[in-house]
**Q** 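Handing you this structure, nothing more for now.
Just so you know, these numbers come straight off a predicted model, no measurement behind them.
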Amino acid sequence: MGWMEACIFTSHMSVLVNGSSTRDFKAQKGLHQGDPLSPFLFVLAMEGLTSLVRKSIDLGDFKPFKYGEEEFMDILQFADDTAMLGEASSDNLWSLKVLLRGFEQISSLKINFSKSNVFGVNIGDWLMNSTTSFLACKKGIIPFSFLGIVVGENPRRKKVWKKAIDNIKNRLSSWKGRNISIGGRVTLINAVLNAIPSFTFSFYKAPTKVLKEINRLESNFLWSGNVNKRSIHWVKWDTVCKPNEKGGLGVRDVEEFNKALLLKGEWRFLKEDKSIWSRFLGLRYHKIKLKVLDSSGEAFNFDDSIWWRTLCQTI
């Protein structure tokens, strides 16, 4: 949803010009979207929308997405993104329209429908076209990108990782490598690994080809200062990835880094069993806990998603 361009705070002021006071004028200060206070104001405003949705559910007007007998999802918010989930019906569509328009009238905020998307699962084209026309928004296409992660695509395909690899190439540019020492290159490599692919690594297990490609880019940058130029590698890459106290340079091993982030997600799944996402995964995958394996050593069924099977195999 769109967010207001600025919040205006006004007050009446007057000044002295050549010793004489002038008439009052309105002083105003714009608070733009990049301001640090903007996210806090957004959270306060979205609390009103959440309350409207919950009230509509209590009255029986809006039907949320149910994934259990008593479990349902209605509205999810992260940063400045808002997702509303509900049943695919004409009555629910009208309720959604009333909720959004009512929120606009109450908060004096304008929802940017042209930047909003509607995603349908197991819904016919006629209903999807009617929905996008009724809400004046775009039809979402699966797979799509959210926060740099490709959602709805097979993570084993290299195109899922293309953006992360391209970002690594751009950050480890040749002009930076020529002007810094080996120690500076090591620091930059670790900084890039922390910033660019970590979010994707925490969600997907990278294929072997992707891991080799990232290692190749890092090794080229370390020894030649250019990701596209190969030079003599004076030390094995396994030795480079060892800690400093063991004779290495302390460069993170990409495969181990990926596995550690996935294991952290599994640990959160086991510990945060009362959170929405943990309950959803538990019901979706028959309440199978990741550490509870059957006699064959598998914690999944063959009809489960590729993402879940890959996650279980990292144990």
Side-chain angles (χ1 to χ4, degrees), residues 1-5 7 33 38-153 199 203 272 274-285 305 307:
M1 295 181 181
W3 173 236
M4 58 181 175
E5 292 297 332
C7 296
Q33 190 171 1
S38 183
F40 295 100
L41 294 177
F42 178 81
V43 171
L44 292 176
M46 290 300 104
E47 284 295 325
L49 178 59
T50 302
S51 300
L52 287 175
V53 173
R54 300 288 165 79
K55 185 65 176 179
S56 180
I57 293 175
D58 293 339
L59 296 175
D61 296 331
F62 184 72
K63 302 296 189 301
F65 167 67
K66 291 186 177 181
Y67 59 92
E69 295 181 357
E70 299 181 355
E71 303 285 346
F72 64 87
M73 289 187 184
D74 48 4
I75 181 171
L76 300 175
Q77 296 170 311
F78 182 81
D80 59 347
D81 292 323
T82 300
M84 299 181 67
L85 300 92
E87 296 179 359
S89 63
S90 57
D91 293 338
N92 221 32
L93 190 59
W94 272 103
S95 299
L96 179 61
K97 185 81 168 184
V98 171
L99 282 172
L100 297 178
R101 291 301 185 188
F103 175 72
E104 286 184 333
Q105 296 295 326
I106 294 173
S107 63
S108 299
L109 300 178
K110 181 66 175 179
I111 298 176
N112 194 337
F113 286 95
S114 62
K115 292 184 178 180
S116 302
N117 294 278
V118 175
F119 294 89
V121 180
N122 297 328
I123 297 177
D125 294 336
W126 180 86
L127 182 57
M128 282 298 301
N129 295 332
S130 301
T131 301
T132 54
S133 177
F134 183 69
L135 294 177
C137 58
K138 297 182 294 185
K139 179 181 178 180
I141 300 176
I142 299 176
F144 61 93
S145 180
F146 180 71
L147 298 177
I149 293 182
V150 180
V151 181
E153 184 61 271
F199 192 50
F203 196 74
E272 302 177 10
K274 294 183 179 180
S275 60
I276 295 177
W277 69 276
S278 182
R279 296 201 308 268
F280 175 79
L281 290 178
L283 290 174
R284 168 62 179 85
Y285 297 106
S305 65
W307 172 80

**Q** More than 12 foreign heavy atoms under 6.0 Å from CG of D58: is that the case here?
**A**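 Above 12, so yes.
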**Q** Does any non-hydrogen side-chain atom of M73 lie less than 4.5 Å from one of W277?
**A**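 Not in contact.
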**Q** Without swapping roles, check the side chain of E104 against the backbone of I111 for a donor-acceptor pair under 3.5 Å.
**A**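 Checking the backbone N and O of I111 against the side chain of E104, a donor-acceptor pair under 3.5 Å is found.
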**Q** Is it the case that more than 12 heavy atoms not belonging to K66 sit under 6.0 Å from its NZ atom?
**A** no
**Q** What's the shortest heavy-atom distance between K138 and S114, and which atoms?
**A** CE-O, 3.3 Å
**Q** Quick one: does S56's side chain have a donor or acceptor within less than 3.5 Å of a partner on L52's backbone?
**A** no
**Q** Check whether any side-chain N or O of S278 sits under 3.5 Å from a backbone N or O of E272 as a donor-acceptor pair, and report yes or no.
**A**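 Yes, because the side chain of S278 sits within donor-acceptor range (under 3.5 Å) of the backbone of E272.
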**Q** For residues A88 and I123, report the shortest heavy-atom separation together with the two atoms involved.
**A** CB-CD1, 3.4 Å
**Q** Could you tell me if the side chain of R54 sits less than 4.5 Å from the side chain of I75, heavy atoms only?
**A**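 Yes. Closest side-chain heavy atoms under 4.5 Å.
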**Q** How far apart are the closest heavy atoms of F134 and K97, and which atoms are they?
**A**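 What the structure gives for the nearest pair is O-NZ, 2.9 Å.
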**Q** So, N92 side chain and E87 main chain: donor-acceptor pair closer than 3.5 Å or not?
**A**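 Confirmed, N92 side chain pairs with E87 backbone.
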**Q** Drop me the distance from L96's CG to M84's CE, to the nearest 0.5 angstrom.
**A** 5.0 Å
**Q** Between T132 and N129 (side chain of the first, backbone of the second, donor and acceptor by atom type, cut-off under 3.5 Å), is there such a pair?
**A**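 Present.
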**Q** Around atom CG of L127, are there more than 12 heavy atoms of other residues, nucleotides or ligands at under 6.0 Å?
**A** yes
**Q** How many angstroms lie between CG in D91 and CZ in F62, if you round to the nearest 0.5 Å?
**A** 12.5 Å
**Q** Please round to the nearest 0.5 Å and tell me the distance separating atom CG of L93 and atom OG1 of T131.
**A** 5.0 Å
**Q** I need the minimum non-hydrogen distance between P64 and F72, along with the two atoms involved.
**A**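 The answer is CG-CD1, 3.5 Å.
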**Q** Quick check: are there more than 12 heavy atoms from other residues, nucleotides or ligands sitting under 6.0 Å from CH2 of W94?
**A**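 It does not: W94 CH2 has 12 such atoms or fewer within range.
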**Q** Between C137 and S116, which heavy-atom pair has the shortest distance, and what is it?
**A**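 In this case the closest contact between C137 and S116 is CB-O, 3.4 Å.
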**Q** Return the orientation label for the F280 and F65 ring planes: parallel under 30°, perpendicular over 60°, tilted otherwise.
**A**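 Aromatic pair F280/F65 classed tilted.
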**Q** Out of curiosity, M46 CE to S107 OG, how far, rounded to the nearest 0.5 Å?
**A**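 Separation between the atoms: 6.5 Å.
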**Q** As an exercise, state the distance from CD1 of I141 to CG of N117, rounded to the nearest 0.5 Å.
**A**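 Output value for this atom pair is 9.0 Å.
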